[in-house]
Participant: 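My structure is below; once you've seen it, I'll send some questions.
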Amino acid sequence: MPSPRTTIRTVGIPARGAICRIYCHVAWPFRSVPIPLTQSIQLGAVDWMILILYFTFVVGIGWSLKRGMKSSNDFFMSGRNIPAWISGLAFLSANLGAQEVMGMAASGAKYGMMTAHFYWVGAVPAMVFVGVFMMPFYYGSKARSVPEYLKLRYDEKTRTFNAFSFAIMTIFSSGISMYAMAKLLNLLLGWNFDVSLWASAAIVLAYIFLGGLTSAIYNEVMQFFLIVLGFLPLVFLGLRDAGGWSGLVARLDIVATQSHNVAGQPYAAGAWVSAWHHMGSPASNPMGVEWFGMAMGLGFVLSFGYWCTDFLVVQRAMVAENEQAARRVPLIAAVPKMLFPFLVILPGMIAIALTAKSGQTGFALPVKGNAYDYDMTIPLMLKHYFPTGLLGLGLTALMASFMSGMAGNVTAFNTVWTYDIYQSHIAPRKSDEHYLWMGRMATVFGTVLSILTAYMAVHFNNIMDMLQLVFAFVNAPLFATFLLGMFWKRTTGHGAFFGLLAGTCAAAMHHGLTIPVGAESLFKGGWLGQVLHLYPSEMAQNFWTAIWSWTTCFTVTIVISLLTKRLKSDEELRGLVYSLTERHDEGHLPWYKRPIYLGALILLAVTALNLAFL
């Protein structure tokens with residue numbers, strides 16, 4: 001078997017706006033003949049019946065709930081009467097879209113067990129923090145969106161800046177989901193990418209336009225169970241084919257030792273199956289990040305920034321029936337969340353292991369550019385393992401993940417656009433019926449804009465790489481603003497606004513001056529004309545972009561706040577700052593309903609998982 005070879009080539013373009021591009025060409029020793037994406041999946045009658053039944057049910061939910069959408073509060077906030085367990089599953093499912101199902105499986109193949117850090121270091125601790133500390137601020141203020149909370153805490157300009165940046169982020173995120181669904185329809189039906197993309201947009205537009213947030217929430221709950229039932233057999237069949245866990249580890253050791261880092265050195269055996277052992281330096285693991293970049297960039301900035309400030313998920317908790325229920329929502333969601341690596345990351349690890357032995361297994365990931373098309377991991381695994389009937393269930397679960405991701409982002413976009421941009425700056429003091437109409441129109445043009453951003457995702461072989469880049473620009477500086485605003489009453493509106501602006505600019509500067517190995521598009525960096533640093537992977541670049549963005553925003557906000565006068569009194573900040581917020585007595589509640597005890601148990605469980613895969 002030939003050894004892999006890695007070459008780095010630097011190309012200078014001596015013209016105005018010249019860009020130094022660095023390419024890394026890796027000849028994978030276990031690369032097999034690529035599977036053409038035009039090869040469609042052959043479905044049986046039972047498979048088609050399951051898919052048709054699902055889509056009929058989805059649109060039917062929207063249609064049946066349309067009669068209850070009598071006010072803008074019903075459309076945007078579900079009247080705030082959703083039970084805690086429904087909100088909890090929707091809180092989880094809003095993040096269980098195409099980005100997670102396809103993106104985490106793709107990351108499992110590309111980066112191995114280190115992908116579990118998105119859950120065990122990032123998501124679960126952040127969800128506990130949201131339930132214990134953040135939710136009382138959101139729910140108690142009765143804000144209809146995160147930007148509206150910023151207005152109450154700071155001022156209008158801070159709210160407006162975040163409203164625009166968040167709206168852009170939801171458009172990109174929804175576009176990533178549409179891109180993933182279009183790839184599936186291309187594989188499933190043989191349609192070309194453009195037709196598949198517009199078809200996926202039309203489906204999600206139908207039921208969100210009809211039923212608003214309520215239809216999205218109830219569909220997300222149904223999609224949660226579909227995804228679990230659809231993917232459990234895939235994990236079982238894949239592990240059996242790989243020879244169980246021990247067989248999978250042996251195959252992944254081959255993947256590790258036959259893959260090379262930027263310096264041309266092979267990875268140590270275990271690099272794909274260990275979460276922590278190979279994080280001493282970026283060159284020791286396939287993600288190309290050391291422990292500090294992981295803990296700070298992902299574990300703190302990106303994860304806390306996403307779960308604490310992303311209105312897409314916060315909105316699901318804010319519709320709970322009371323504050324106690326709202327605080328339990330993220331804690332309820334954290335329990336299944338910590339187990340999801342076994343459902344969505346493990347299939348990716350199985351896929352790259354089987355590809356390494358494709359001559360024996362008959363399975364191989366297709367090639368995209370100079371690497372594998374990791375985004376095709378789940379669709380091709382379903383095609384490889386599932387028989388008729390089970391294939392229909394698996395594809396329906398995959399479709400459900402796309403619908404969940406697109407619908408969640410579109411409903412968050414129409415709320416922020418209508419309340420924080422349109423009502424505040426374009427058409428104030430209109431009737432409630434007018435804002436309900438605008439919310440539906442925002443659903444339409446938000447979907448169209450998402451289609452345009454879907455074409456940008458074509459330049460990435462792992463949609464999670466693109467998604468974390470978007471979060472580094474928007475959520476990372478916003479988290480610094482929230483952290484200071486909630487725990488330091490001296491923070492001023494001027495400090496928050498210019499801190500957000502500086503943090504966003506810092507993210508742009510870092511991205512424009514750095515590039516990951518193998519980049520062939522300006523979407524991946526280097527667009528300022530000079531490359532100052534080469535990262536081993538897109539994900540490593542994302543983590544450090546987030547660190548620079550958060551640190552800049554945090555520092556600038558403190559400095560400007562100390563130099564400017566605080567305009568809001570303690571009374572105006574009551575309920576918005578932790579030290580000025582009344583604590584509700586929870587002594588009458590049983591221990592399993594008290595957030596602090598639930599949070600402690602969840603953190604103990606996730607610590608045990610980290611130690612188990614050390």
Side-chain angles (χ1 to χ4, degrees), residues 125-163 165-166 300-301 304-311 313-315 317-318 320 322-324 326-331 416 419-420 424 475-503 550-586 594-596 599:
M127 293 164 79
V128 171
F129 184 79
V130 171
V132 174
F133 294 104
M134 303 280 285
M135 197 48 61
F137 297 107
Y138 285 133
Y139 201 92
S141 68
K142 297 296 181 183
R144 295 165 296 186
S145 66
V146 170
E148 188 170 9
Y149 173 84
L150 289 176
K151 177 187 177 181
L152 296 172
R153 173 58 183 90
Y154 293 117
D155 52 27
E156 183 61 37
K157 65 179 182 294
T158 306
R159 170 207 198 177
T160 303
F161 183 92
N162 175 247
S165 63
F166 177 78
F300 182 65
V301 177
F304 276 70
Y306 175 78
W307 291 100
C308 296
T309 68
D310 192 331
F311 183 56
V313 291
V314 171
Q315 186 185 39
M318 289 172 67
N322 55 53
E323 183 179 314
Q324 286 74 27
R327 295 184 70 189
R328 291 197 300 271
V329 163
L331 300 175
V416 170
Y419 282 133
D420 298 298
S424 299
N475 288 348
L478 180 60
F479 179 52
T481 304
F482 265 84
L483 205 59
L484 288 170
M486 288 185 168
F487 295 100
W488 189 41
K489 66 180 182 180
R490 181 67 180 80
T491 314
T492 66
H494 293 311
F497 175 79
F498 287 106
L500 275 177
L501 183 61
W550 183 89
T551 304
T552 302
C553 179
F554 192 81
T555 304
V556 171
T557 301
I558 291 176
V559 171
I560 295 182
S561 293
L562 292 173
L563 296 175
T564 55
K565 183 180 179 182
R566 194 184 112 190
L567 301 178
K568 289 185 179 288
S569 65
D570 284 1
E571 187 60 35
E572 291 176 293
L573 296 179
R574 198 168 302 280
L576 301 172
V577 177
Y578 189 77
S579 61
L580 300 175
T581 300
E582 181 183 358
R583 312 290 196 277
H584 295 290
D585 182 21
E586 297 178 340
R594 298 176 69 176
I596 191 68

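Because the structure is a prediction, the values reported are computed rather than measured.
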Participant: Rounded at 0.5 Å granularity, tell me how far OH in Tyr154 sits from CG in Leu567.
Facilitator: 13.0 Å

Participant: Are the side chain of Ser165 and the backbone of Asn162 linked by a donor-acceptor contact shorter than 3.5 Å?
Facilitator: yes

Participant: Do Trp307 and Pro330 have side-chain heavy atoms sitting under 4.5 Å apart?
Facilitator: no

Participant: Can you find a side-chain donor-acceptor pair between Ser561 and Arg566 that sits under 3.5 Å?
Facilitator: no

Participant: Give the C-alpha distance, both sets of side-chain angles, the deciding distance and a yes or no for side chain to side chain contact (heavy atoms under 4.5 Å, CB included) between Val577 and Trp488.
Facilitator: CA-CA 7 Å; Val577 177; Trp488 189 41; over 6 Å; no

Participant: Could you go through Val301 and Phe554, starting from their C-alpha distance and side-chain angles, then the distance that decides it, and tell me whether this counts as side chain to side chain contact (heavy atoms under 4.5 Å, CB included)?
Facilitator: CA-CA 11 Å; Val301 177; Phe554 192 81; over 6 Å; no

Participant: Given side chains that start at C-beta, do those of Leu331 and Met127 come closer than 4.5 Å, heavy atoms only?
Facilitator: no

Participant: First locate atom CZ of Arg153, then atom CG of Leu576, and finally report the distance between them rounded to the nearest 0.5 Å.
Facilitator: 7.5 Å

Participant: Is there side-chain contact between Pro477 and Thr552, with at least one heavy-atom pair below 4.5 Å?
Facilitator: no

Participant: Please test Phe133 against Arg327 for side chain to side chain contact (heavy atoms under 4.5 Å, CB included), starting from the C-alpha separation and ending with a verdict.
Facilitator: CA-CA 9 Å; Phe133 294 104; Arg327 295 184 70 189; over 6 Å; no

Participant: Using a 4.5 Å cut-off on heavy atoms from C-beta on, say whether the side chain of Thr492 contacts that of Leu563.
Facilitator: no

Participant: Will you find, in the side chains of Lys157 and His494, an N or O donor that is under 3.5 Å from an N or O acceptor?
Facilitator: yes

Participant: So how far is it from Thr491 OG1 to Ile560 CD1, rounded to the nearest 0.5 Å?
Facilitator: 12.0 Å

Participant: Any side-chain heavy atom of Phe161 sitting closer than 4.5 Å to one from Leu478?
Facilitator: no

Participant: Rounded to the nearest 0.5 Å, what's the gap from OG on Ser424 to NZ on Lys151? Could you check?
Facilitator: 5.5 Å

Participant: Distance check, rounded to the nearest 0.5 Å: Phe498 atom CZ versus Thr481 atom OG1?
Facilitator: 13.0 Å

Participant: Could you tell me if the ring centre of Phe479 sits under 6.0 Å from that of Tyr306?
Facilitator: no

Participant: Describe, in one word, how the ring planes of Tyr578 and Phe487 are oriented to each other, choosing from parallel (under 30°), tilted (30 to 60°) and perpendicular (over 60°).
Facilitator: tilted

Participant: May I ask you to decide if the ring planes of Phe304 and Phe300 are parallel, tilted or perpendicular, using 30° and 60° as cut-offs?
Facilitator: tilted

Participant: Do Asp570 and Lys489 have side chains that approach each other closer than 4.5 Å (heavy atoms only, starting at C-beta)?
Facilitator: yes

Participant: Return the OG1 to CG distance between Thr158 and Leu152, rounded to the nearest 0.5 Å.
Facilitator: 12.0 Å

